[in-house]
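Structure record follows, encoded as structure tokens.
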2 protein chains.
Amino acid sequence: MSGPWPRPSVTVDLVIFTVLEGALKVLLIRRGGEVCHGMLALPGGFVDVGDAGLPRPPGQPEDQGEDVEAAALRELGEETALDAALLRKHRVHLEQLYTFGRAHRDPRTRVITVAYYALVPPELVPLVQAGDDASEAGWFSVATEVPWSELAFDHADILSTGVARIRGKLDYAPIAFSLVPAVFTASELRQVHEAIRHQKIDKGNFRRRLKRMREDGLIVEVPGKRSSTGRGGRPATQYRFQAQEDPELAARPWPVSGRSS
Amino acid sequence: MSGPWPRPSVTVDLVIFTVLEGALKVLLIRRGGEVCHGMLALPGGFVDVGDAGLPRPPGQPEDQGEDVEAAALRELGEETALDAALLRKHRVHLEQLYTFGRAHRDPRTRVITVAYYALVPPELVPLVQAGDDASEAGWFSVATEVPWSELAFDHADILSTGVARIRGKLDYAPIAFSLVPAVFTASELRQVHEAIRHQKIDKGNFRRRLKRMREDGLIVEVPGKRSSTGRGGRPATQYRFQAQEDPELAARPWPVSGRSS
DNA sequence: TCAATAGTGTCTTTCAGACAGTATATA
DNA sequence: TATATACTGTCTGAAAGACACTATTGA
């Protein structure tokens, strides 16, 4: 029922975001392969599925390879040249975005891709070595620099979906905290919101939200003040994100009914 | 780079919801296969990928099979015994949920599954023939009847994700309209909201939301009144959902910069 | 008449947007 | 001093929750 049947290739593609100079940016690499040669593309690669579906001696169990999530994490490390410890330490956020499975989205062979997005804090950006092959690539401002019509395959769709996703979640999920330094000021957090929404936000109103976050224990004040810009002005209070226990862990929609036997 | 490599199997699994007797229900089928025999499972099946990855005469193009989305739609038709025309006519909602790609989630071979959820209006439920093989199966109340520990594979995770998704989208997406008859009363729509959220909603406050929907052109009044229950009481005003042009069609996050050449 | 359902109105709280004003730093 | 940034307060309106009330049907 599942052995000798034809199977698709499965890849992961990554929409890696950061915020630099007040602008939302995405990491793109220059393609070298046969197809879409020279175009810009999202980083990605094949999911390691071991020897799945290949003939093997009877009795030997199949090596099923890595989780799709693990493949995304591995690719993130490879494409940015950041090791797993750094990614963890700086709480780089990685989340599944959508699966793109149109036939012929890759003309060579059937490829289904599971897209993820990642949020890289600006402090890590100088360490990122985009693309092992060191070809022309790097961070592109989503608003002004991404050459939408020059993106390979359906990567423009994937990128659009990624931007829409972080915009949609910005107001109710801790998206922005993954795009500021570990210790941040109100202005820095606001500028990240402005970059993602691509519009100005009222200072006073944003402070009110910050105040609620503090009351809710979502952020805590950090001793010491710091000028956000360095170019003068009154120094700002600093904050730190206070990670909550993951609400998804308690996620069985209703009490388990259990087996009566 | 993509020919002779091992590939995973890819399936679609469906979380098919309806609301019956004031309760959110999901369609489960009794498994007959070798693995997880006798357990309950979400309906699903393999994505047709043509002859992808198989050896073929040089020069002959690969048959890449069907889109993943098309596979989900096809499975929905097969598992419910509803034809495509009926699904369209009754605006059955089908949307990608999440992709589950843990290694060993199926012990036989590496299987990555793209989960979709579907919303079936109650008027269609009597026509649904659950499972071609006609084994014991059917609609289970998510709150009281689903035997979570007896679900095959990781289908409990998939179902949980589906319930969480429609709950999260209930207040800002037209989820509920796909779970009432084409012409509905305020009470009927409210009961669908109550079933999904699994708690009572104040009549008056819900009416206020309905009023706004009418002002926004989201719903329109239908002439004629009808008692919701049939057991007496004052007859209710009827409404009809007014489909909007899909906002996702205008979705390029920023103006296309275009090629300068 | 009662029971059941439909529908209205009001009070309160929360929160966002707009905007004016004050406070503290550097040059 | 001027300028830049940080921070506070106030007015308004939109919307949700709680709850009391009236209206119209069938039995």
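Please read all numbers here as calculations on a predicted model, not as lab measurements. Just so it is clear: chains get the letters A, B, ... in the order the sequence lines come, proteins before strands, and each one is counted from 1.
As rounded to whole Å, 13 Å separates atom C1' of C:dA6 from atom CZ of B:Arg226. Atom NZ of A:Lys203 is separated from atom C1' of C:dA16 by 18 Å (rounded to the nearest Å). Rounded to an integer number of Å, the gap from A:Arg190 CZ to D:dA6 P is 7 Å. Atom NZ in A:Lys200 sits roughly 16 Å away from atom P in C:dC19 (whole-Å rounding). Between the CZ atom of A:Phe184 and the C1' atom of D:dA6 there is a distance of 16 Å, rounded to whole Å. Rounded to whole Å, the distance from CG on B:Leu210 to P on D:dA15 is 15 Å. The CE-C1' distance, from A:Met213 to C:dA16, rounds to 13 Å in whole Å. Atom CZ of B:Arg207 is separated from atom C1' of C:dG9 by 13 Å (rounded to the nearest Å).
For B:Ser187 and B:Arg208, each mapped to the nucleotide of DNA chain C holding its nearest heavy atom, the one lying further toward the 5' end belongs to B:Ser187. Toward the 5' end of DNA chain C, the nearer of the two residues A:Arg234 and A:Gly204, judged by each one's closest nucleotide, is A:Gly204.
The pair A:Arg209-A:Asp171 meets the salt-bridge criterion, since a charged nitrogen lies less than 4.0 angstrom from a carboxylate oxygen. The pair B:Arg240-B:Glu221 does not meet the salt-bridge criterion, since no charged nitrogen lies less than 4.0 angstrom from a carboxylate oxygen.
Contact annotation: the side chain of B:Leu189 never approaches that of B:Ile219 to less than 4.5 Å [non-hydrogen atoms, C-beta and beyond].
Looking at the side chain of A:Arg212, the nearest of the listed nucleotides C:dC15, D:dA6, C:dG7 is C:dC15. Across D:dT8, C:dT8, D:dG17, the shortest atom-to-atom separation from the side chain of B:Asn205 is found for D:dG17. Relative to the side chain of B:Pro235, the nucleotides D:dA6, D:dT24, D:dG17 differ in distance, and D:dT24 lies closest.
Within the nucleic acid shown, A:Ser227 has no heavy atom closer than 4.0 Å to any nucleic acid atom.
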Q: Take A:Arg102 and B:Glu69 through the salt bridge (charged side-chain N to carboxylate O under 4.0 Å, His left out) test and state the conclusion after the steps.
A: CA-CA 8 Å; A:Arg102 262 187 31 237; B:Glu69 172 99 22; over 6 Å; no
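Ring centroid separation for the pair B:His93 and B:Phe177 does not come in under the 6.0 Å cut-off.
Proximity of A:Thr237 to the phosphate of D:dC7: a side-chain N or O atom is located under 4.0 Å from OP1 or OP2.
Contact annotation: side chain of B:Asp202 to base of D:dA16, donor-acceptor pair absent below 3.5 Å.
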